[in-house]
S.K.: 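Just passing along the structure, written as structure tokens.
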Amino acid sequence: MSMYDDVEKILYSKESIQKRLQAVAKEMNALYSDADLPLLICNLKGAFMFLADLVRYLDFRHELDFIETSSYGAGTASSGDVRFLLDVGESITDRNVIIVEDIVDSGVTLSCILERFEARHARSVRVAALLNKPSRREIEVPIDFCGFVVPNEFVIGYGLDYDQQYRNLPFIGVLKPAVYQGS
Ligand code: PRP
């Protein structure tokens, strides 16, 4: 059976994602045109595809780095225990940092990342999130650049996984409940 059989519905097609990313990039280009070499920090793994497409629409000079956090395990709800599996390779002191996230759900992950980077005295920290799911928020967090506000459904594809699968779907869709029921 194909992984496509596990998709209940498509929320955003690959074309609508690209269109929205161009609009988000336009906002970022306007804000960072004169900034002092911003550092984009991609939170792996979920944000890899968002980052790869987004940067192709950016026209300001910047640097890239990666972090990896993990909080979900194989379940569908955050464990609340955020682990940093990979940290940035260079100092962020006095840097203009842009965190690139795939989804802000409870806000726990982003809140931990922001706390960590603010303690390291970044000059500014902003957040670009592909998806915002405000209905599940537990901690208030800022999102400066947002792709889509999503309903409270289990979303997969375009980087987002269930049990480490489905990240390669070219669209953002909803997973059939039958796939994760009992997990
Ligand atoms: C997901 C997602 C965000 C976080 C959002 O990461 O990529 O980082 O959860 O959830 P929250 O707002 O409730 O904290 P996950 O831990 O599943 O790792 P992954 O990106 O490798 O899939």
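Only a predicted model underlies this, so the values are computations on that prediction, with no experimental measurement involved. FYI, side chains are in, hydrogens and waters are out, and symmetry mates aren't considered; it's all heavy atoms of this structure. One-based numbering, in listed order, for ligands and for the atoms of each.
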S.K.: Would you mind running through ligand 1 and noting each atom that sits below 4.0 Å from a heavy atom of Asn43?
M.R.: 8 (O)
S.K.: At less than 4.0 angstrom from any non-hydrogen atom of Ser106, what atoms of ligand 1 do you find?
M.R.: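 Under 4.0 Å from Ser106, ligand 1 has these atoms: 11 (P), 12 (O), 13 (O), 14 (O).
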S.K.: Do ligand 1 and Gly107 have nitrogen or oxygen atoms that lie under 3.5 Å from each other?
M.R.: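 Yes, since at least one N or O of Gly107 sits under 3.5 Å from an N or O of ligand 1.
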S.K.: Can you check side-chain hydrogen bond (donor to acceptor under 3.5 Å, both in side chains) on Asp163 and Tyr180, steps first, answer last?
M.R.: CA-CA 9 Å; Asp163 204 9; Tyr180 59 82; over 6 Å; no
S.K.: Could you tell me whether Arg95 and Asp65 have a side-chain N and a carboxylate O separated by less than 4.0 Å?
M.R.: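 No, no charged N to carboxylate O under 4.0 Å.
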S.K.: I need the full list of side-chain hydrogen bond (donor to acceptor under 3.5 Å, both in side chains) pairs touching residues 41-52, with sequence neighbours left out, sorted by first then second residue.
M.R.: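 As it turns out, the side-chain hydrogen bond (donor to acceptor under 3.5 Å, both in side chains) pairs with a partner in residues 41-52, which skip direct neighbours, are Asn43-Thr69, Asn43-Glu101, Lys45-Glu68.
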S.K.: With atoms numbered from 1 as shown, which atoms in ligand 1 lie under 4.0 angstrom from a non-hydrogen atom of Ser70?
M.R.: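 Close to Ser70: 16 (O).
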S.K.: Could you please spell out the steps behind the salt bridge (charged side-chain N to carboxylate O under 4.0 Å, His left out) verdict for Asp94 and Arg123?
M.R.: CA-CA 4 Å; Asp94 210 28; Arg123 190 186 308 176; 3.3 Å; yes
S.K.: Counting heavy atoms only, which of Asp161, Asp102, Leu130, Val82 is nearest atom 7 (O) of ligand 1?
M.R.: Asp102
S.K.: Report the part of Glu101 in contact with ligand 1, treating N, CA, C, O as backbone and CB onward as side chain, heavy atoms under 4.0 Å; options are side chain, backbone, both, neither.
M.R.: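 Looking at Glu101 and ligand 1, just side chain atoms fall under 4.0 Å.
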S.K.: Tyr32: which residues meet the ring-ring contact (aromatic ring centres under 6.0 Å, His included) condition with it, sequence neighbours left out?
M.R.: Phe60
S.K.: Please confirm whether the backbone N or O of Asp105 pairs with a side-chain atom of Arg137, one donor and one acceptor, at under 3.5 Å?
M.R.: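 Side chain of Arg137 to backbone of Asp105, a donor-acceptor pair under 3.5 Å: yes, one is there.
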S.K.: For ligand 1 and Ile103, I'd like to know whether there is a polar contact (N/O to N/O, distance under 3.5 Å).
M.R.: no
S.K.: Considering Thr109, Ile67, Thr69 one by one, which has a heavy atom nearer to atom 4 (C) of ligand 1 than any of the others?
M.R.: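 Looking at heavy atoms only, Thr109 sits closest to atom 4 (C) of ligand 1.
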S.K.: Checking Arg116 against Phe84: charged group under 6.0 Å from the ring centre and within 45 degrees of the axis?
M.R.: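 Verdict for Phe84: a cation-pi partner in Arg116.
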S.K.: Does Arg167 come within less than 4.0 Å of ligand 1, judged by its heavy atoms?
M.R.: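 Heavy atoms of Arg167 do come under 4.0 Å of ligand 1.
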